[in-house]
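Written below as structure tokens is the structure these notes are about.
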Amino acid sequence: MDKTYQPHEIEKSWYKTWEEKGYFAPQGGDDAFSIMIPPPNVTGSLHMGHGFNNAIMDCMTRYNRMKGKNTLWQPGTDHAGIATQMVVERQLAAQGIDRKELGREKFLEKVWDWKEESGGNITNQIRRLGSSVDWSRERFTMDPGMSDAVQEVFIRLHKEDLIYRGKRLVNWDPKLNTAISDLEVENKDKKGHMWHFRYPLADGLTTKDGLSYIVVATTRPETMLGDTGVAVNPEDPRYKDLIGKFIELPLVGRRIPIVGDEHADMEKGTGCVKITPAHDFNDYEVGKRNKLPMINILTFNGDIRATAEVFNTNGEESNDYPTDLPSEFIGMERFAARKAIVAKFDEIGLLDEVKDHDLTVPYGDRGGVVIEPMLTDQWYVRVEALAKPAVEAVENGDIQFVPKSYENMYFAWMRDLNDWCISRQLWWGHRIPAWYDDEGKVYVGANESEVRSQNNLSDDINLRQDNDVLDTWFSSALWTFSTLGWPEKTKELETFHSTDVLVTGFDIIFFWVARMIMMTLKFTGEVPFKTVYVHGLVRDQEGQKMSKSKGNVLDPLDIIDGISLDDLVAKRTGGLMQPQMAAKIEKQTRKHYPEGIASYGTDALRFTFLSLASTGRDVKFDMSRLEGYRNFCNKLWNATRFVMESIGQTDDKPLTQIEIDDINNGHVELSLADQWIESRLQVAQKEVIDALENYRFDIAAQAIYDFVWNEYCAWYLELSKPVLWDENSTDAQKRAARRTLVSVLESILRMSHPMMPYITEEIWQSIAPIAGKAGDTIMLAPYPQFDESKVNAQSDTDIEWLKGVITGIRNIRAEMGIGPGKPVKCLFRNGSEDDQRRLQANDTFLKAMAKLEEITWLNDGDAAPLSATALVGKMEVLVPMAGNIDVAAELNRLTRAFDKNEKELGRVAGKLNNPKFVDKAPQEVLEKEKAKLADFESTSKKLSEQIEAIKAL
RNA sequence: AGUCGCGUAGCUCAGUUGGUUAGAGCGCUACCUUGACAUGGUAGAGGUCACCAGUUCGAAUCUGGUCGUGACUACCA
């Protein structure tokens, strides 16, 4: 074995072996366990969030598999409509090709090509993370089977009138030219302006104040081209007389009414609100209430149209107004038009005022440009009826969120839902199964011929299919059951649905979790999962969300394999949407990773993720923690080297079967340490199992770390040395130590395997046969169970005593400046029978671990030399001060201990002197405090005696 | 503005139904290459649990408020 842990060597080949041997496929008992991977973007690449997510899911999966359950972790990817289409469009643009020139068919071929080319990337990454998914069942949302499911769902929902089509105001992304749902809109706080415009009253009217105009304010001046009214509050004494009158819309010359609507707030702004129903969500509602026409003035790219589109309040084309727009603005980009229109108002003396204004601006989360409310035909899901059972499933506990507090978030969102806009003006995705005849009548069905036959449409009637595709989340919402074969009634569906647990970040509870619950209940009558484990979001060391545009993303593989600083900088600054950020990103990267990133290996990364998986909302990823866990792997590795060495196994000379049988079956005489470590192992196992069952991976990781490092390595390994190295030890004693070393290590490996699959498999392969365990892989070995019969409380207190003596002497050594290599004498005074028994049983351990040349037991009245002293319970451990020892230092040490003890003594005494406490506190607590008091008093007494003795010199 | 969450050691975080001498890792200080491991060992230092008030015999933990901070929702004519 190498002297240090080398993750690369270990992690190189195991995954391939596991996969090839089919260990990931479901096998095991009748009791099933299943979990669905949240499908990542097929052409994307993994980020730290995926790494975190995968570490948790794989830990659960491996744990349940080792428990003997019929375990399925279902993998797959989604088609990520917008994101993928964007990437391919950009690639084409680089070659000077436009998507529309290419045509739909050809373009889709290109996307499929790209999927073939890059789709392996993400699955490779998942493999590198060690995720034990069943690759034989890998699914993709655009697979034929899943597409059938999507179509089936659409048609059925439509039949039940839960899907409808309508002309409505939607969030429009002018860059990507598609509608997006309100969840895909990101609101950002911006500094902007509020422009006040004067709108002249028509027909020579004046206001009460004698003005010939009213003033409206807007943050989006360009929309005024589409104004079809001005609203004032019906109660507003300033303006209510004007209701029913008209104004002359500047620049356009449109005559538009003043309407009374409560939307206009008398306290706010000027009290007059311009109404642009085709370009503002509030105005849309006001327009509907007041029967105002809607005028669309923008193209899908967000430019001013050549001619406006005029609709009546029902969304039908109308001639309520002419379609002319002022020629000087035509074709202008919306923000340029804003400037030009403000300038024009200023020029003609109608710009009343400009104020600075803080506002929230909606951005598309994909395209990154300002969203424009746009009047378009879209498909919607009516969510109200679907939401009700989805809420109930959580209320009645069929689905449980962990941590529970996320249920509030879920309910809050489910309470006020908007209908879900599911159509996207893209080519990449599931095309909407709807056909239109020449009159625009809609027919929904699986395909054209079905539509014709179901609706008795003859072949000479023209039909064309809807151009749009469905939101990717529509197909993702069917993920748990469509991956298992629905709408067929498959065996998999029966066995693995509902799934046991969904592991996801809170940021997609609405996007995905809620929609899955709604759709799955609707179509299977089952919940998609029984538990939703919600983890935090991985952030960088400054607590910032990781994003490509901020340049603070990390690829988990770069942590596993390592990356040079220059490569990391290049990776982060390449392909930026905003190239001007490059310098800042480079500076930041060089600051945070002056040496680049070392290679830490998969196990250390996974263990780090799991140790960070507490109940918090954020996970700040801390490289120093990662380093600590890499060191932990090294610790485990070297402990193994020690065990191998102790049993006489070397790389080129393995143990013979006879030698192995001897270790496992020969006569043994268990030492206190042997019994103790077995006992502690049980306690650790219980802690780990309890933590895993409660989704507290941080606690499980901590328990493993603590047991391996601070008990097995720090104490047990050290305690085994005196036995193994002492010529006077019997064979039975040595055999006991060897057997214990091996069996505890083997248990540690199985206990840790779900968290650190590679190193545990690597070591297990050589340790298991020696421990007498059969099996080809640790993956399928049984998970260790808590065995109460091996818990030994006596050994625990005895070892604590031993540790106390050793630590006490080491402390004296350190404070007195006695080097660890120098043997000292030691005397025990004022010890009990128990102390004496322990001393006899542990004489060898003590001498070896505290480097003692002689131990003397003092009986009452025996004289003691002047000594430095440590207390172990009531017993005093004396290290004689052989003349050259620092008296002042010892006095100082004792005084510090005394002061500390006095403080505690005072605190406890105060409590016990309080009659109310003595009166009301439970007996149990009272006894505990009394015992503490006695201890502190005895310690104080001893320490002051010792201080006096030193002072007397 | 509303809702929810958070504030514990220099840093990153645990702290289960109120009773611990408030813990861990990293970092820090001193010492140590001793035959698993310097990716190590030994011994230490370091906290008014944001602040104020309350409930209680007893509060990091429960309640109310203040301050700071984050997320989400809404508004922003």
Side-chain angles (χ1 to χ4, degrees), chain A residues 1 3-5 187 192 194 196-197 215-220 230-231 263-265 268-276 280 282-283 286 357-361 405-406 408-409 412-413 416 506-507 510 537 541 543 545 598 600 604 611-612 614-646 690 694 696 698-699 702 705-706 710 713-714 717-718 721 725 807 810-815 817 819-821 851 900-901 903-904 907-908 911 914-922 924-926 928-929 932 936:
Chain A
M1 286 177 81
K3 191 174 168 182
T4 51
Y5 162 67
N187 293 306
M194 179 75 80
H196 291 232
F197 289 162
V215 177
V216 298
T218 180
T219 55
R220 294 190 297 150
V230 170
H263 170 66
D265 185 337
K268 238 154 113 187
T270 62
C272 304
V273 189
K274 65 193 267 311
I275 302 298
T276 324
D280 183 282
N282 285 314
D283 293 4
V286 177
H357 185 69
D358 295 330
L359 73 170
T360 318
V361 182
S405 56
Y406 286 104
N408 289 331
M409 203 175 180
W413 189 69
D416 51 359
F506 65 83
D507 53 331
F510 310 145
L537 252 45
Q541 49 271 82
K545 210 166 164 175
Y600 292 94
S611 75
L612 293 171
S614 62
T615 56
R617 262 159 87 119
D618 293 326
V619 175
K620 272 196 227 180
F621 194 82
D622 183 5
M623 295 300 283
S624 66
R625 226 144 145 193
L626 177 67
E627 191 174 331
Y629 293 122
R630 191 270 320 264
N631 295 352
F632 176 61
C633 292
N634 184 60
K635 195 75 182 173
L636 182 58
W637 183 257
N638 272 289
T640 304
R641 288 183 66 216
F642 174 78
V643 172
M644 294 298 193
E645 208 175 291
S646 305
D690 286 350
N694 288 296
R696 285 302 302 268
D698 59 327
I699 294 176
Q702 178 67 30
Y705 185 98
D706 199 51
N710 298 323
C713 291
L717 257 50
E718 294 306 320
K721 287 174 187 176
W725 296 348
T807 309
R810 282 175 179 170
N811 186 315
I812 290 171
R813 279 177 178 280
E815 299 271 346
K851 192 92 180 162
K900 196 177 162 194
N901 192 68
K903 215 175 111 192
E904 291 306 321
R907 211 177 51 81
V908 177
K911 253 189 190 178
N914 181 353
K916 285 184 188 166
F917 173 73
V918 179
D919 229 32
K920 298 198 176 175
E924 212 182 286
V925 174
L926 204 60
K928 223 165 129 188
E929 292 299 315
K932 269 193 227 166
F936 287 134

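By convention in this document, chain letters (A, B, ...) are assigned in the order of the sequence lines, proteins followed by strands, and residues within each chain are numbered from 1.
- Within 4.0 Å (heavy atoms only), A:L717 reaches at least one base atom of the nucleic acid.
- In this structure, the side chain of A:N634 does not engage the main chain of A:T4 through any donor-acceptor pair within 3.5 Å.
- Each of B:G19, B:A43, B:C76 was ranked by its minimum atom distance to the side chain of A:N811; first place goes to B:A43.
- Only the P atoms considered, B:G5 is 11 Å distant from B:C62, to the nearest whole Å.
- Within the structure, a side-chain polar atom (N or O) of A:R696 is placed less than 4.0 Å from OP1 or OP2 of B:G15.
- When the P atom of B:U42 is taken as reference, atom CZ of A:R813 falls 14 Å away, rounded to whole Å.
- Taking atom CE of A:M409 as the reference point, atom P of B:U73 lies 8 Å away to the nearest angstrom.
- For A:K916, no side-chain nitrogen or oxygen approaches OP1 or OP2 of B:C57 to under 4.0 Å.
- On the C1' atoms, B:G64 is 39 Å away from B:G27, given to the nearest whole Å.
- Rounding to whole angstrom units, CG of residue A:L537 and C1' of B:C6 are separated by 15 Å.
- B:A30 and B:A36: their P atoms are spaced 28 Å apart (whole Å).
- When both pairing distances are held under 3.5 Å, B:G18 makes no Watson-Crick or G-U pair with any nucleotide shown.
- The same atom, P, is picked in B:A1 and in B:U8; the two are 25 Å apart, to the nearest Å.
- Side-chain proximity of A:P922 to B:C37, B:C76, B:G19: nearest is B:G19.
- Residue A:M194 is classed as a sugar-phosphate contact, given heavy-atom separations below 4.0 Å to backbone atoms only.
- No hydrogens or angles were tested; on distance alone, nothing pairs the side chain of A:E815 with the base of B:A30 as donor and acceptor under 3.5 Å.
- Here the C1' atom of nucleotide B:C75 and the CG atom of A:D280 are 12 Å apart, to the nearest Å.
- Contacts of A:T219 with the nucleic acid, taken as non-hydrogen atoms under 4.0 Å apart, involve only primed sugar atoms and P, OP1 or OP2.
- Here the side chains of A:V925 and A:F917 are in contact, with some heavy-atom distance below 4.5 Å.
- No side-chain heavy atom of A:Y629 sits less than 4.5 Å from a side-chain heavy atom of A:Y600.
- Following rounding to the nearest Å, A:K920 (NZ) and B:G18 (C1') show an atom-to-atom distance of 16 Å.
- Straight-line distance between the P atoms of B:U63 and B:U56: roughly 16 Å, to the nearest whole Å.
- Remark: P of B:G41 and NZ of A:K721 are 11 Å apart, rounded to the nearest angstrom.
- Using a 4.0 Å heavy-atom cutoff across all strands shown, A:K911 reaches sugar-phosphate atoms only and no base atom.
- Counting only heavy atoms from C-beta outward, the side chains of A:L537 and A:K545 approach each other to under 4.5 Å.
- Using a 4.0 Å cut-off, some side-chain N or O of A:S614 falls inside it from OP1 or OP2 of B:A14.
- Residues meeting the salt bridge (charged side-chain N to carboxylate O under 4.0 Å, His left out) test with A:D690, sequence neighbours left out: A:K686.
- A:D919 comes within 4.0 angstrom of no nucleic acid atom, judged by non-hydrogen atoms across all strands.
- Spacing between B:A43 and B:U48 at atom C1', rounded to whole Å, works out to 28 Å.
- Relative ring orientation between A:W725 and A:F642 is described as perpendicular, the plane-to-plane angle rising above 60° on a 0-90° scale split at 30° and 60°.
- You cannot call A:F917 stacked on the base of B:G19; the centres under 5.5 Å and planes under 30° rule is not satisfied.
- If you check B:G25 for Watson-Crick or wobble pairing at under 3.5 angstrom, you find it paired to B:C11.
- For A:K721, the salt bridge (charged side-chain N to carboxylate O under 4.0 Å, His left out) test picks out A:E718, with sequence neighbours left out.
- Rounded to an integer number of Å, the gap from A:D706 CG to B:G25 P is 8 Å.
- Using a 4.5 Å heavy-atom cutoff, the side chains of A:K911 and A:V918 are not in contact.
- Checked by distance alone, A:T360 brings a side-chain donor or acceptor within 3.5 Å of a matching partner on the base of B:C75.
- Both distances falling under 3.5 Å, in either a Watson-Crick or a G-U wobble arrangement, place B:U69 opposite B:G5.
- The side chain of A:K545 contributes no N or O atom lying less than 4.0 Å from OP1 or OP2 of B:A71.
- Of the candidate nucleotides B:U21, B:A43, B:C26, B:C26 has the atom nearest to the side chain of A:Y705.
- Two residues are said to be in side-chain contact when any heavy atoms from C-beta on lie closer than 4.5 Å; A:K903 and A:N901 fail this criterion.
- Toward the 5′ end of RNA chain B lies the nearest nucleotide of A:E718, the other residue of the pair A:E718 and A:T807 mapping further downstream.
- Nucleic acid contact for A:S611: none, since no nucleic acid atom lies under 4.0 Å from a heavy atom of the residue.
- Nearest nucleotide to the side chain of A:R810, out of B:C76, B:A36, B:A43: B:A43.
- Counting only heavy atoms from C-beta outward, the side chains of A:V273 and A:H263 approach each other to under 4.5 Å.
- Between A:E904 and A:K932, the closest side-chain pair of non-hydrogen atoms is not below 4.5 Å.
- If you take CG of A:N694 and P of B:G15, they are 12 Å apart, rounded to a whole angstrom.
- When heavy atoms are screened at a 4.0 angstrom cut-off, A:A412 is found touching no nucleic acid atom at all.
- Rounded to whole Å, the separation between the C1' atoms of B:U69 and B:C75 comes to 23 Å.
- The phosphate of B:C37 (OP1 or OP2) has no side-chain N or O of A:K635 nearer than 4.0 angstrom.
- One C1' atom belongs to B:U42, the other to B:U33, and the distance between them is 13 Å to the nearest Å.
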(request) Test A:T218 against A:M194 for side-chain contact (heavy atoms from CB on, under 4.5 Å), laying out the working first. (result) CA-CA 6 Å; A:T218 180; A:M194 179 75 80; 5.7 Å; no
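- Of the candidate nucleotides B:A71, B:C75, B:G25, B:A71 has the atom nearest to the side chain of A:F506.
- Distances shorter than 4.0 Å separate some side-chain N or O of A:K932 from OP1 or OP2 on B:U21.
- Scanning atom types as modelled, no donor and acceptor separated by under 3.5 angstrom connect the side chain of A:K3 and the base of B:C37.
- Annotation: proximity of residues 626-634 of chain A to RNA chain B (heavy atom, distance under 4.0 Å) is found for A:R630, A:N631, A:N634, numbered in ascending order.
- Look at A:R625 and you won't find any side-chain N or O under 4.0 angstrom from OP1 or OP2 of B:C13.
- The side chain of A:W725 has B:A36 as its nearest neighbour among B:U21, B:G25, B:A36.
- Using a 4.0 Å heavy-atom criterion, one finds that A:P915 contacts no nucleic acid atom at all.
- Searching all strands for a Watson-Crick or G-U wobble partner of B:U61 with both distances below 3.5 Å returns nothing.
- Each of A:F642 and A:N710 lies near RNA chain B, and the nucleotide nearest A:N710 is the one positioned closer to the 5' end.
- Remark: B:G46 base-pairs with no nucleotide in the shown strands. Criterion, Watson-Crick or G-U wobble with two distances under 3.5 Å.
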